[in-house]
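Take a look at the structure set out below.
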Amino acid sequence: MKKASSNTIYDIAAEAGVSITTVSRVLRGEEKVSPHTKEKVEAVIARRNYRPSSIARGMAGQATHSLGIVLPKLLNPYYAMIFTGAYDQARKMGYSMNLFPWKSLDGQNTNPALMLAERRLDGIIINVEYLPMAQNEKLLADLRELRQYMPIVLIGAVPSLFSYPTIFYDMAGIAKEAVSYLVSLGHERIAMIGGMEDDHDEFRRDMGYLAGLKEARLPCVSTYLSYCAGTAEAGEKALSEMLDSLQRPYWPTAVIALNDMVAMGCQAEARRRGLRLPEDLSVIGCDNLFCSPYLTPSLTTFDLEQQQLGARAVDLLLSGDALREKADWKLVERDSCCRCAESR
């Protein structure tokens with residue numbers, strides 16, 4: 001018989017109209033399955049000439065002492081630090097840690113939940129990025145399906161509508177603290193670069209930025225708020241467009257960047273225009289990447305303690321606690337911010 005082009009335990013379950021757990025029980029010969037269901041599943045197996053893998057046979061079996069972590073990007077050092085913390089903590093607890101890039105799971109013809117379920121993990125940590133609402137709905141659907149097979153812990157920029165054990169960053173709180181810090185240095189023309197406008201979470205950065213301006217009784221200048229991706233190139237372009245749209249006397253004296261990568265791009269654009277750093281433009285980043293102390297000038301930034309976040313996520317995953325807790329951060333002062341010349 002010709003073998004089907006797609007022939008997994010999920011295909012068997014879908015064609016038979018049962019769960020993958022039921023298929024797994026039929027494959028192991030368990031008596032919990034009704035004769036009618038067993039016959040239906042076995043007919044599909046025979047028709048497809050299905051040969052189950054050891055993973056599929058053990059889908060509903062014992063613990064594997066294997067965990068997984070899904071990260072949006074593997075080249076960004078920010079995510080590498082999270083993985084390091086999770087990996088080290090998992091090993092301490094007697095577990096292996098598997099790394100999955102989200103893009104490899106989220107293809108048009110794949111089901112991320114089923115692909116992860118087939119790995120027979122004892123639990124999964126998923127780093128959530130800021131997403132438009134439409135993508136949030138798809139992710140929620142994937143998570144609901146995945147939770148049928150294993151425990152889930154979410155980390156990162158996790159909206160409150162996600163009702164899963166979560167460790168989240170209060171990015172609004174960080175942005176508000178950044179405004180307060182720059183105000184303490186005498187800055188009044190403070191810009192923010194980076195983030196997504198199509199986001200409805202109460203912890204988004206721009207909400208904290210606007211709250212910080214309001215608390216300091218500073219006007220909100222729409223031109224000072226620029227949304228862009230979290231890359232150095234995006235930061236460079238965003239600052240360039242911002243300065244081009246303003247007359248020189250109204251240029252910002254300080255910039256809050258989405259992350260250290262965006263801050264690097266802002267510094268590069270400022271130097272290209274002949275601005276002195278930090279005298280003409282103070283720049284503050286976020287993430288405290290390994291390169292931040294070695295930039296010129298060294299970058300003032302927020303340390304998000306990513307390794308501790310990864311380790312704590314493993315603890316939460318193994319404990320089974322249904323908590324939603326805020327991750328720690330701290331401001332690291334370096335040389336990229338100084339007192340505003342206009343306030344001296």
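Considering Gln89, Gln307, Glu325 in turn, Glu325 is the only one that fulfils the side chain to side chain donor-acceptor pair (under 3.5 Å) rule with Arg312.
Taking CZ of Phe302 as the start and CE of Met171 as the end, the distance is 9.0 Å to the nearest 0.5 Å. Considering CE of Met93 and CG of Leu67, their distance stands at 9.5 Å, rounded to 0.5 Å. Rounding to the nearest 0.5 Å places CH2 of Trp329 at 4.5 Å from CG of Asp170. To the nearest 0.5 Å, atoms SG (Cys286) and CZ (Arg205) are separated by 5.0 Å. Atom CD1 in Ile124 sits 10.5 Å away from atom CG in Leu154 (nearest 0.5 Å). Atom CE in Met150 sits 4.5 Å away from atom CG in Leu121 (nearest 0.5 Å).
Residues satisfying the side chain to side chain donor-acceptor pair (under 3.5 Å) criterion with Ser180, sequence neighbours excluded, are absent altogether. With sequence neighbours excluded, no residue satisfies salt bridge (charged side-chain N to carboxylate O under 4.0 Å, His left out) with Arg334. Shown here are the side chain to side chain donor-acceptor pair (under 3.5 Å) partners of Thr166, two or more places apart in sequence or in another chain: there are none. Listed by chain and number, the residues in a side chain to side chain contact (heavy atoms under 4.5 Å, CB included) with Asp303 are Asn288, Glu305, Gln306, Lys330, Val332 (sequence neighbours excluded). Checked against side chain to side chain contact (heavy atoms under 4.5 Å, CB included), Lys214 has no partners two or more places apart in sequence or in another chain. Remark: Glu177 engages no residue in a salt bridge (charged side-chain N to carboxylate O under 4.0 Å, His left out) (not counting sequence neighbours). Legend: residues meeting side chain to side chain donor-acceptor pair (under 3.5 Å) with Tyr78, ordered by chain and number and at least two apart, are absent. For Asp328, the side chain to side chain donor-acceptor pair (under 3.5 Å) criterion is met by no residue, not counting sequence neighbours.
Looking only at side-chain heavy atoms (C-beta outward), Tyr250 and Thr223 stay at 4.5 Å or farther from each other. Annotation: side chain of Leu316 is not in contact with side chain of Ile125 (no heavy-atom distance under 4.5 Å). Counting heavy atoms from C-beta outward, Val33 and Val18 have side chains that stay 4.5 Å or more apart. Looking at heavy atoms from C-beta onward, Leu116 lies in side-chain contact with Val70 at the 4.5 angstrom threshold. Looking at Leu139 and Phe162, their side chains come closer than 4.5 Å, going by heavy atoms from C-beta outward. Residues Ser336 and Leu277 fail the side-chain proximity criterion, which asks for heavy atoms closer than 4.5 Å. Between Ile69 and Asn127 there is no side-chain heavy-atom pair separated by less than 4.5 Å. Between Val179 and Ile256 the shortest side-chain heavy-atom distance falls below 4.5 Å.
Within 6.0 Å of the CD atom in Glu215, the count of heavy atoms belonging to other residues, nucleotides or ligands does not exceed 12. Applying the 6.0 Å contact sphere to OH of Tyr87 captures no more than 12 heavy atoms from other residues, nucleotides or ligands. Within 6.0 Å of CG on Leu323 lie more than 12 heavy atoms contributed by other residues, nucleotides or ligands.
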Check residues 230-242 and write down every donor-acceptor pair under 3.5 Å in which the side-chain atom is one partner and the other belongs to a residue at least two apart or another chain.
| from | atom 1 | to | atom 2 | distance (Å) |
| --- | --- | --- | --- | --- |
| Thr231 | OG1 | Ala234 | N | 3.0 |
| Ser240 | OG | Arg273 | NH2 | 3.2 |

Pairs of donor and acceptor atoms involving the side chains of residues 181-189, under 3.5 Å and at least two apart or interchain, shall be tabulated with distances.
| from | atom 1 | to | atom 2 | distance (Å) |
| --- | --- | --- | --- | --- |
| Tyr181 | OH | Glu333 | OE1 | 3.0 |
| Ser184 | OG | Tyr181 | O | 2.4 |
| His187 | ND1 | Thr253 | OG1 | 2.8 |
| His187 | NE2 | Ser282 | OG | 3.4 |
| His187 | NE2 | Cys338 | O | 2.9 |
| Arg189 | NE | Trp251 | O | 2.7 |
| Arg189 | NH1 | Glu342 | OE1 | 3.1 |
| Arg189 | NH1 | Glu342 | OE2 | 3.4 |
| Arg189 | NH2 | Pro249 | O | 3.4 |
| Arg189 | NH2 | Trp251 | O | 3.2 |
| Arg189 | NH2 | Glu342 | OE2 | 2.9 |

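The salt bridge (Lys or Arg N to Asp or Glu O under 4.0 Å) contacts involving residues 280-292 comprise Arg276-Asp280, where partners must be two or more places apart or lie in separate chains. Sorted by first and then second residue, the salt bridge (Lys or Arg N to Asp or Glu O under 4.0 Å) pairs with a member in residues 87-98 form an empty list; sequence neighbours excluded.
Here the closest heavy-atom approach between residue Ile193 and residue Cys228 is recorded as CG2-SG, 3.7 Å.
Neither Leu258 nor Phe290 shares a network with the other; the hydrophobic side chains, linked directly or stepwise wherever heavy atoms of I, L, V, M, F, W or Y lie under 4.5 Å apart, form separate groups for each.
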